[in-house]
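Here the structure is laid out as structure tokens; the discussion comes afterwards.
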Amino acid sequence: MATMKDVARLAGVSTSTVSHVINNNRFVSDAVREKIDAAIRQLNYAPSALARSLKLNQTRTIGMLLTASSNPFYAEVVRGVENSCYERGYSLVLCNTAGDEERMNRSLETLLQKRVDGLLIMCTESHLPSAEILNRYPTIPSVMMDWAPFEGSSDIIQDNSLLGGEMATDYLISRGYTRIACIVGPLDKTPARLRLEGYKRAMAAAGLPVLPGYIVDSDFEFQGGYNAMNQLLTLSEVPQAVFTSNDAMAVGVYHALYQAGLSVPQDVAVIGYDDIELARYLTPPLTTIHQPKDELGELAIDTLIHRLADPGASQQTLVLTPELVERASVAER
């Protein structure tokens with residue numbers, strides 16, 4: 001493989017002149033530039049990103065640890081992160097932890113050894129990233145996405161799940177529903193716990209009881225929503241409405257109701273959370289709480305870049321505001 005020295009030797013110039021042409025950071029006469037370009041073509045030379053990163057002490061890469069899932073929410077967040085990286089001149093290295101603590105920490109060590117400029121972490125809270133590993137690389141900033149509390153120096157970005165849970169439940173109550181069930185996400189995740197708390201607060205504020213069996217634990221996945229709705233359908237009093245703590249589970253709820261010969265919203269109203277792209281294409285389109293996924297990715301990258309520029313800044317916890325998106329899965333009673 002040709003090196004910059006080979007190009008300089010063939011063109012009859014210094015390596016620094018070749019560097020100036022490649023990086024376009026200093027004036028070089030057209031005649032010299034043409035000789036260097038010809039030598040580059042002849043040798044099929046490609047600049048080394050590794051050499052550049054060693055010289056500049058930055059790799060222009062961001063690492064991201066993510067527990068992969070069938071839930072489209074995560075794919076949409078990654079899309080937002082990747083777009084933000086591209087717009088800011090960074091590359092994204094994505095590692096799937098598969099919900100496994102050992103795999104998460106091995107991936108964490110690998111990313112940090114490769115000297116990524118910053119790190120995004122969006123995993124299950126039942127497995128915290130190794131503080132020992134993070135402490136070995138104190139100059140590499142990290143951002144926890146949709147995850148709190150965390151005992152460390154990482155910045156945290158999350159949506160206001162407590163408010164979102166209240167908004168979803170209040171909307172059902174305002175439409176005349178009184179028997180409202182809640183399908184909960186995995187309780188090792190702070191957003192799931194807070195959405196459940198928001199549901200309980202709204203029910204209590206309206207003086208409405210949470211009937212026995214009306215809170216069902218699930219997993220934020222399609223199948224989990226399907227199983228949870230089938231469980232609710234076995235109750236002597238079937239709910240009039242269901243707050244489903246994310247849209248992926250709402251898809252499963254729709255399928256369970258369809259198989260039972262029931263219609264949304266005529267028999268059971270459904271409201272979701274996240275506003276994934278699929279939500280608007282369901283039949284009927286799903287009323288949901290919009291979580292700003294693109295903004296989540298953009299803010300995470302900008303927070304990392306700010307931390308790189310000012311490593312001594314105080315730890316930040318940034319909270320995004322949810323919004324209600326009214327569609328056709330909730331009717332007026």
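Note that these values count all heavy atoms, side chains included, but never hydrogens, waters or copies made by symmetry.
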Worksheet item: Hey, does E221 have a side-chain heavy atom less than 4.5 Å from the side chain of S70?
Response: yes
Discussion item. Looking at D274 and I276, would you say the former's side chain and the latter's main chain have a donor-acceptor pair under 3.5 Å?
Written reply: no
Worksheet item: Does the side chain of S154 come within less than 4.5 Å of V143's, by heavy atoms?
Response: no
Discussion item. Starting from L196, can I reach M167 by hopping between I/L/V/M/F/W/Y residues whose side chains sit under 4.5 Å apart?
Written reply: yes
Worksheet item: Crowded around E332 CD? As in, over 12 foreign heavy atoms under 6.0 Å?
Response: yes
Worksheet item: CZ/R307 to CG/D302 distance, rounded to the nearest 0.5 angstrom?
Response: 13.5 Å
Fill in: More than 12 heavy atoms from other groups under 6.0 Å of CD on E87
yes
Item to complete: Can you see which heavy atom on A228 is nearest to which on V216, and at what distance?
Response: CB-CG1, 3.7 Å
Fill in: Polar side-chain atom of D247 near backbone of D275 as donor-acceptor pair, under 3.5 Å
yes
Worksheet, complete the sentence: Here the gap from R103 atom CZ to T110 atom OG1, rounded to the nearest 0.5 Å, amounts to 11.0 Å
Practice prompt. Using a cut-off of 6.0 Å, state whether more than 12 heavy atoms not belonging to E298 lie near its atom CD.
Written response: yes
Discussion item. Contact between M203 and I180 at the side-chain level, heavy atoms closer than 4.5 Å - yes or no?
Written reply: yes
Worksheet item: Regarding T97 and T67, is there a side-chain donor-to-acceptor distance under 3.5 Å anywhere?
Response: yes
Discussion item. Hydrophobic cluster membership, with links at side-chain heavy-atom distances under 4.5 Å among I/L/V/M/F/W/Y: are L233 and F222 in one?
Written reply: yes
Worksheet item: In the single-linkage hydrophobic clustering (I, L, V, M, F, W, Y; side-chain heavy atoms under 4.5 Å), do Y171 and L162 co-cluster?
Response: no
Practice prompt. Find out whether the Lys NZ or Arg CZ of R195 is both under 6.0 angstrom from the six-membered ring centre of F243 and within 45° of the ring's axis.
Written response: no
Discussion item. If I compare all heavy atoms of V81 with all of G297, which pair ends up nearest, and what's the gap?
Written reply: CG2-CA, 3.6 Å
Fill in: Min side-chain heavy-atom separation V242-L232 under 4.5 Å
yes
Item to complete: With side chain to side chain contact (heavy atoms under 4.5 Å, CB included) as the test, would you mind laying out the steps for Y86 and S91 before giving the verdict?
Response: CA-CA 6 Å; Y86 176 76; S91 298; over 6 Å; no
Fill in: R60 versus G89, closest heavy-atom pair with distance
NE-O, 3.4 Å
Discussion item. Measuring only between side-chain heavy atoms, which start at C-beta, is T244 closer than 4.5 Å to V270?
Written reply: yes
Worksheet item: Is the side chain of N105 donor-acceptor paired with the backbone N or O of S130 at a distance under 3.5 Å, no angle test?
Response: yes
Practice prompt. Test side chain to side chain contact (heavy atoms under 4.5 Å, CB included) on Y199 and C182 and set out the steps.
Written response: CA-CA 7 Å; Y199 159 79; C182 179; 3.6 Å; yes
Item to complete: Give, for atom CG of L108 and atom CG of L134, the distance between the pair rounded to the nearest 0.5 Å.
Response: 5.0 Å
Discussion item. If you compare all heavy atoms of F220 against all heavy atoms of A192, which two are closest, and at what distance to 0.1 Å?
Written reply: CZ-CB, 3.9 Å
Worksheet item: Is the backbone N or O of T3 less than 3.5 Å from a side-chain atom of D6, with the two atoms forming a donor-acceptor pair by type?
Response: yes
Worksheet item: In terms of side-chain geometry, is the basic nitrogen of D159 or K293 positioned less than 4.0 Å from the acidic oxygen of its partner?
Response: no
Discussion item. Working note: Q42 + L10, criterion side chain to side chain contact (heavy atoms under 4.5 Å, CB included); need CA distance, chi angles, decisive distance, verdict.
Written reply: CA-CA 9 Å; Q42 183 176 334; L10 182 60; 3.7 Å; yes
Discussion item. With a 3.5 Å distance limit and no angle check, can you tell me whether D267 reaches the backbone of S263 through a side-chain donor-acceptor pair?
Written reply: yes
Item to complete: Drop me the distance from R106's CZ to E101's CD, to the nearest 0.5 angstrom.
Response: 13.5 Å
Discussion item. How about CZ on R179, more than 12 heavy atoms from neighbouring residues, nucleotides or ligands closer than 6.0 Å, or not?
Written reply: yes
Discussion item. Please report the interatomic distance CD(E132) to CG(N135), rounded to the nearest 0.5 Å.
Written reply: 8.5 Å
Discussion item. Treating T234 as the side-chain partner and Q231 as the backbone partner, does any N or O pair qualify as donor plus acceptor under 3.5 Å?
Written reply: yes
Fill in: Heavy-atom donor-acceptor pair, S142 side chain to L120 backbone, under 3.5 Å
no
Practice prompt. Measure the shortest side-chain to side-chain distance between D37 and V21 over non-hydrogen atoms and say whether it is less than 4.5 angstrom.
Written response: yes
Worksheet item: Can you name the closest pair of heavy atoms from L94 and V78 and give their distance?
Response: CD2-CG1, 4.1 Å
Item to complete: Flag the pair I215 / V210 as yes when at least one side-chain heavy-atom distance between them is below 4.5 Å, and no otherwise.
Response: yes
Discussion item. Looking at Q158 and M145, would you say the former's side chain and the latter's main chain have a donor-acceptor pair under 3.5 Å?
Written reply: no
Worksheet entry | Identified salt bridge (Lys or Arg N to Asp or Glu O under 4.0 Å) partner of E197 from the options K200, R193, R201 | R201
Discussion item. With a 3.5 Å distance limit and no angle check, can you tell me whether T303 reaches the backbone of L299 through a side-chain donor-acceptor pair?
Written reply: yes
Worksheet item: Is a side-chain N or O of R327 found less than 3.5 angstrom from the main chain of L286, in a donor-acceptor match?
Response: yes
Worksheet item: Are Y45 and V13 connected in a single hydrophobic cluster, I mean Ile/Leu/Val/Met/Phe/Trp/Tyr linked by side-chain heavy atoms less than 4.5 Å apart?
Response: yes
Worksheet entry | From CA spacing to verdict: side chain to side chain contact (heavy atoms under 4.5 Å, CB included), D117, I140 | CA-CA 6 Å; D117 292 338; I140 300 179; over 6 Å; no
Worksheet entry | Side chain proximity check, Y137 to R115, heavy atoms < 4.5 angstrom | yes
Worksheet entry | Minimal non-hydrogen separation, R88 against I301, with atom names | CD-CG2, 3.6 Å
Worksheet item: Is there a path from Y226 to L278 through hydrophobic residues (I, L, V, M, F, W, Y) whose side chains come within less than 4.5 Å of each other?
Response: no
Worksheet item: CD1 of I271 to OG1 of T169: how many Å apart, nearest 0.5 Å?
Response: 7.5 Å
